[in-house]
Amino acid sequence: MASYDFTAIESRWQKCWLDNATFRTLGPGDEGFDISKPKFYVLDMFPYPSGAGLHVGHPKGYTATDILARYKRHRGFNVLHPMGWDAFGLPAEQYAIQTGTHPAVTTKKNVDHFREQLRALGLSYDWQREVNTTDPKYVRWTQWIFSKLYEKGLAYQSEVPVWWCEALGTVLANEEVIDGRSERGSHPCVKRPLRQWMLRITQYADRLLADLEGLDWPDSVKAMQREWIGRSEGAEVRFAVDGATGDDGAAAEFTVFTTRPDTLFGATFCVLSPEHPLVDSIAAESQKEAIEAYRLEASRKSDLERAELQKDKTGVFTGAYAINPVFEEGDPRRRVPIWVADYVLMTYGTGCIMCVPGGDERDFEFAQKYDLPVVFVVKPDADGADADAAAEACSTGDGVMQNSEWLDGKRVAVAKAEMCAWLEERKIGHAKVTYRLRDWLFSRQRYWGEPFPLLHDQEGQVRLVAEADLPVSLPVLDDFRPNAEGDPPLARATEWCEVVDADGKVWRRETNSMPQWAGSCWYYLRFCDPQNDMAAWDPKIEEYWMPVDLYVGGAEHAVLHLLYARFWHKVLFDCGLVSTNEPFQKLVNQGMVQSFAYKNTDGVLIPVDEVKEADDGHFEMIASGEPVERFVAKMSKSLRNVVNPDDVIAEYGSDTMRLYEAFMGPVTASAPWNPRDLPGVHRFLQRSWRVFDAGLSDTPNDAVERALHACTKKVTTDLDAMANNTALAAMMEFVNTATKEKAQLTANQGSRFALLLEPFAPHLAEEFWSMCGGQGSCAWADWPTFDESMLVSDTIELPVQVNGKLRGRVTVPADAPHDDVEAAAVAEVAAHLQGKTIRKAIVVPGRMVNLIAN
RNA sequence: GCCGAAGUGGCGGAAUCGGCAGACGCGAUGGAUUCAAAAUCCAUUUCUCGCAAGGGAGUGGGGGUUCAAGUCCCCCCUUCGGCACCA
């Protein structure tokens with residue numbers, strides 16, 4: 001009797017896989033590639049290789065995809081299952097600023113560590129396809145794709161107020177700032193105008209929205225993207241300023257965007273945002289001072305503060321009036337005051353609005369505060385006494401128009417359409433779609449990112465670096481801070497910055513760099529053809545592998561990464577460079593692996609390693625015995641509750657680690673890491689080992705054979721549904737049966753079980769496979785089949801209910817006719833039927849019997 | 001406030017189409033083995049009343065549909081995630 005030596009088994013098979021390149025994936029053009037087989041591209045979101053290494057949260061998704069990848073190989077698919085590194089980014093650069101260690105050095109060290117940790121998990125990646133976004137061979141093509149965007153006019157420079165983070169020394173995109181603090185590191189940020197590169201993602205807003213339809217993605221992610229894109233249908237309406245003329249002598253006017261053109265008869269005032277360019281020219285002399293003060297105050301407030309103060313609206317009257325075009329000349333309602341207020345944002349719509357206090361709660365609040373007139377133009381659908389009250393209240397929903405002359409009595413939807421037509425006829429407005437999505441702020445003032453392939457001349461002209469000169473590599477620096485003038489760190493490389501072309505003309509390199517998102521926008525394409533030096537990818541190869549059939553990653557990328565990558569992909573599609581409209585057909589968000597954390601009675605966090613469980617099941621501090629409270633939280637350094645997979649692997653082996661990750665629950669569910677549960681899955685592997693270690697038999701045990709067929713069916717259907725936890729439960733049941741039967745498996749049975757186990761615990765499965773006489777790796781062996789006839793038994797046990805309550809069970813032949821089953825059931829529960837008459841008998845074949853009696 | 005997801009034993013979770021609620025695992029309890037412990041094996045383990053036989057309750061709460069509801073419908077509560085003056 002040998003014991004289950006997981007360390008020896010796992011290192012032996014990992015070496016075997018490496019030596020034999022077992023998981024090398026061939027593609028179109030490779031010798032020996034079989035293009036007739038179906039393909040399956042299963043992708044993990046590649047990690048940023050941080051200095052902290054893996055924690056047990058990473059492998060949750062990696063295990064799930066690896067199980068599927070291994071299963072699909074057995075099912076005869078060409079499986080593309082690669083891994084790489086999203087290796088540009090801030091931490092390595094900040095570390096460089098602090099220590100002088102070049103980011104490339106730090107990055108290489110971290111990547112090596114990550115790779116080693118992933119290998120230890122026995123993940124079946126094709127390591128020859130590994131990509132690294134910081135590799136010049138990769139950067140070259142990131143820059144090349146940027147060139148495509150630039151050529152299509154999708155990249156432009158703009159002086160924009162951007163989030164500036166002093167602590168990080170860089171600008172951040174809107175979405176990288178949460179509540180006025182940086183997403184990474186939570187440093188305070190302020191708005192500051194700077195020259196930036198922007199990408200016109202807004203040009204793709206409609207397609208990014210519409211194409212969500214066909215994707216097999218979680219509803220939550222689709223909803224988030226829809227909200228982020230924020231399509232809203234409405235109209236633009238031109239308002240003339242009463243009596244004012246513009247610089248060119250024509251009447252001054254402004255255009256508002258509204259989603260409710262139907263309520264134009266209720267527009268009793270207008271509001272311009274404080275940044276609106278018209279404010280200065282229309283302001284009455286008497287109001288100028290107040291307006292200046294208000295604008296100054298508004299400019300000091302960050303967006304955050306403006307949002308925080310949303311309950312208390314403020315504003316200043318400009319002294320000017322606008323003409324509401326729906327009213328006849330001479331109608332007193334025609335002239336409406338123009339205000340300035342910071343609840344109107346310059347960055348959305350046209351930066352100014354028409355205000356209908358009767359139909360918009362924000363306008364209503366503002367009108368109340370400053371005593372502006374209110375007209376109720378929509379009468380909501382209501383009955384009786386409520387109706388009269390409702391007609392005299394702010395109504396933002398559907399209903400029937402009132403106080404709106406020729407629109408009166410019409411429903412909102414009809415009134416919208418008719419008003420749009422009316423405006424268009426008179427050329428004072430038109431239907432319009434607006435998006436909340438803004439253009440993508442694409443430049444950063446960092447060293448550790450892709451340089452832009454762009455050159456500037458003295459006159460401010462910009463041109464692309466020739467394709468033949470790509471990549472533009474990062475200059476070697478030893479100081480990674482911005483220079484004295486506040487220019488990005490790349491400006492320190494004075495020689496690098498200066499480029500003289502063939503005509504002797506001097507150009508200056510762009511010194512901004514790309515954000516970390518750039519590399520992750522197309523890595524899934526490079527995985528198709530990672531070694532190609534002639535092109536980013538070969539179109540034939542791309543066409544075979546794309547789209548990604550399953551993409552697994554965290555929900556934190558629901559909007560940013562996934563929206564940016566979709567955008568690039570659509571641009572590449574328009575360039576004829578990729579064959580699909582969307583990159584990721586199916587998306588799954590893996591749940592978070594949380595961890596227990598502890599706090600004492602004062603609410604102070606106590607590190608995990610200073611706490612023990614007391615005999616009564618409560619938790620206390622090891623040193624003092626002081627009671628602490630346990631709670632479930634995200635793993636984080638500050639909570640000192642991070643679990644490192646290396647420790648788990650050392651104690652139980654990577655097969656146990658993988659099994660635990662898979663057994664915790666559905667891939668999509670979050671659950672706390674509970675070390676107490678590890679021995680459970682480890683015991684399963686040990687029991688399996690004992691079954692095989694007992695030796696093989698020549699004659700199959702019938703009960704074991706039946707159990708194996710049932711297990712095969714369950715594991716197969718569960719794997720197809722990614723229900724890895726219940727597939728494992730089925731295998732546990734099989735091993736329990738085999739153990740109970742004290743039967744030796746036949747070589748054939750053992751091989752079949754080994755294959756079922758292989759996706760989950762590949763090392764031990766390979767060992768079982770060879771114990772059963774299998775040659776080499778079983779990774780590509782055909783998946784076992786099952787026989788339905790082995791799953792049915794001669795007799796079945798049926799529950800018997802009386803009036804819907806379970807009262808007994810009967811065992812009947814599986815093919816017993818309805819009447820026999822009923823008779824047997826009646827006999828079984830006779831005691832419960834005494835004095836009653838059976839009114840109805842419901843017999844569901846193979847399921848149950850329900851007798852209705854009274 | 002709006003949008004999305006989810007509430008099942010002491011714990012993680014299972015229940016494909018409306019048909020035996022709690023598979024599988026953890027933990028716990030009892031037993032076998034052992035000088036003893038670990039490991040292993042066997043049994044019990046939703047709660048509750050009962051010596052037992054047996055009964056009652058039970059899937060966040062309340063109503064409904066149905067012979068039958070964790071599952072379908074209506075209302076409400078809680079938790080988590082996202083958005084939040086977007087006109």
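It should be emphasised that the depicted structure is a prediction, and the values quoted were computed from it without experimental measurement. Every chain is numbered from 1 and lettered A, B, ... according to where its sequence line falls, protein lines coming before strand lines.
When rounded to the nearest whole Å, the span between CZ of A/R226 and P of B/rG82 equals 19 Å. Straight-line distance from the CD1 atom of A/I796 to the C1' atom of B/rC20: 13 Å, rounded to whole Å. Atom CD1 of A/I338 is separated from atom P of B/rA87 by 22 Å (rounded to the nearest Å). Distance, A/E365 CD to B/rA87 C1': 14 Å, rounded to whole Å. For the pair A/Y4 OH and B/rA39 P, the interatomic distance rounds to 17 Å; values are reported in whole Å. Taking atom CE of residue A/M354 and atom C1' of nucleotide B/rA87, one finds them 9 Å apart after rounding to whole Å. Protein atom CG of A/L562 is 14 Å distant from nucleotide atom C1' of B/rG82, rounded to whole Å. Taking atom CZ of residue A/R260 and atom P of nucleotide B/rA87, one finds them 12 Å apart after rounding to whole Å.
Nucleotide B/rA52 has no partner under the Watson-Crick or G-U criteria, as no pair reaches both atom distances under 3.5 Å. Pairing for B/rG70 is absent, with no Watson-Crick or G-U wobble pair whose two atom distances lie under 3.5 Å. B/rC41 is paired with B/rG31 under the Watson-Crick or G-U wobble criterion, all donor-acceptor distances under 3.5 Å. Base-pair partner of B/rA15: not found among the strands shown (Watson-Crick or G-U wobble, both distances under 3.5 Å). In this structure, B/rG7 forms a base pair with B/rC77, meeting either the Watson-Crick or the G-U wobble geometry with both donor-acceptor distances under 3.5 Å. With both pairing distances under 3.5 Å, B/rG1 is matched to B/rC83 as a Watson-Crick or G-U wobble pair.
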Determine, for nucleotides 24-34 of chain B in 5'-to-3' order, which nucleotides have protein heavy atoms under 4.0 Å from the base (write B), from only the sugar-phosphate (write S), or from neither (write -). BSSS-------
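Under a 4.0 Å N-O distance rule, the pair A/K313/A/E365 qualifies as a salt bridge. Salt bridge status for A/R231 with A/E233: present, with a side-chain N to carboxylate O gap under 4.0 Å.
For residues 261-274 of chain A, the set of pairs meeting the salt bridge (Lys or Arg N to Asp or Glu O under 4.0 Å) definition, not counting sequence neighbours, comprises A/R260-A/D262. Pairs of residues two or more places apart, or lying in two chains, that qualify as salt bridge (Lys or Arg N to Asp or Glu O under 4.0 Å) and include a residue from residues 350-361 of chain A are A/D360-A/R362. A ring pair (Phe, Tyr, Trp, His ring centres under 6.0 Å) check over residues 717-736 of chain A, counting only residues at least two apart or in different chains, returns the pairs A/F734-A/F753.
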Got a list of protein N/O to nucleotides 62-68 of chain B N/O distances below 3.5 Å?
residue : atom : partner : partner atom : Å
B/rC67  : O2'  : A/N850  : ND2          : 3.3
B/rC67  : O2   : A/N850  : ND2          : 2.8

Filtered N/O pairs between nucleotides 14-17 of chain B and protein, under 3.5 Å:
residue : atom : partner : partner atom : Å
B/rA14  : OP1  : A/N725  : ND2          : 3.2

Pull out every protein N or O sitting under 3.5 Å from an N or O of nucleotides 50-55 of chain B, one pair per line with the distance.
residue : atom : partner : partner atom : Å
B/rG55  : OP1  : A/H832  : NE2          : 2.9

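Along RNA chain B, the nucleotide closest to A/M224 and the one closest to A/G230 are compared, and the more 5′ of them pairs with A/M224. Both A/A223 and A/T258 sit near RNA chain B, but only A/A223 has its closest nucleotide nearer the 5' end.
Rounded to the nearest Å, the gap between the C1' atom of B/rG70 and that of B/rC51 is 35 Å. Taking the C1' atom of each, B/rA52 and B/rG19 are spaced 32 Å apart, rounded to whole Å. When the C1' atom is used for both B/rG22 and B/rG7, the distance is 16 Å, rounded to whole Å. Rounded to whole Å, the P atom of B/rG81 lies 29 Å from the corresponding atom of B/rU16. Taking atom P on both nucleotides, B/rG64 is separated from B/rG31 by 50 Å, rounded to a whole Å. With P as the reference atom, B/rG60 and B/rU78 are 16 Å apart, rounded to whole Å. B/rA38 and B/rG12 are spaced 27 Å apart, taking the P atom of each and rounding to whole Å. Using atom P as the reference point in both B/rG56 and B/rC74, the two lie 32 Å apart (nearest Å).
Note on A/K805: only backbone sugar-phosphate atoms sit closer than 4.0 angstrom, heavy atoms only; bases stay farther off. Residue contacts for A/T739: at a heavy-atom cut-off of 4.0 Å it reaches no nucleic acid atom on any strand shown. The residue A/R847 sits close only to the backbone: its heavy atoms come under 4.0 Å of sugar-phosphate atoms, none of a base. Within the 4.0 angstrom heavy-atom criterion, only backbone atoms of the sugar-phosphate kind lie near A/S232; the bases stay farther away.
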Between A/Y294 and A/T314, is the side chain to side chain donor-acceptor pair (under 3.5 Å) condition met? List the steps. CA-CA 9 Å; A/Y294 186 76; A/T314 58; 2.8 Å; yes
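B/rG9 adopts a syn glycosidic conformation, its chi angle falling within 90° of 0. Classified by its glycosidic torsion, B/rC35 falls in the anti category, the angle being over 90° from 0.
A 6.0 Å sphere centred on CZ of A/R226 holds more than 12 heavy atoms belonging to other residues, nucleotides or ligands.
Distances shown here put every side-chain N or O of A/K313 at or beyond 4.0 Å from the OP1 or OP2 atom of B/rA87.
If you look at A/W440 and A/Y564, their ring centroids are closer than 6.0 Å.
Between the side chains of A/D720 and A/Y71, a donor-acceptor pair is found at a separation under 3.5 Å.
Partners of A/H276 under the ring-ring contact (aromatic ring centres under 6.0 Å, His included) rule, at least two apart in sequence or in another chain, do not exist in this structure. Residues passing the salt bridge (Lys or Arg N to Asp or Glu O under 4.0 Å) test with A/K222, sequence neighbours excluded: none. For A/R687, the salt bridge (Lys or Arg N to Asp or Glu O under 4.0 Å) criterion is met by no residue, not counting sequence neighbours. Considering only residues two or more places apart in sequence or on other chains, A/R807 meets the salt bridge (Lys or Arg N to Asp or Glu O under 4.0 Å) condition with none of them. Partners of A/D718 according to the salt bridge (Lys or Arg N to Asp or Glu O under 4.0 Å) rule, which considers only residues two or more places apart in sequence or in another chain, are A/K714.
Closest to the A/P799 side chain, of the nucleotides B/rA5, B/rC42, B/rC20, is B/rC20. In this structure, of B/rG13, B/rA87, B/rC20, it is B/rG13 that holds the atom nearest to the side chain of A/A671. The listed nucleotides are B/rA84, B/rC85, B/rU40; the one nearest the side chain of A/D342 is B/rC85.
Under a 3.5 Å cut-off, the side chain of A/D342 and the backbone N or O of A/P274 do not form any donor-acceptor pair.
Relative orientation of the A/F366 and A/Y370 rings is tilted, given thresholds of 30° and 60° on the angle between their planes. The aromatic rings of A/W673 and A/Y660 sit perpendicular, their planes meeting at an angle over 60°, well past the 30° parallel limit.
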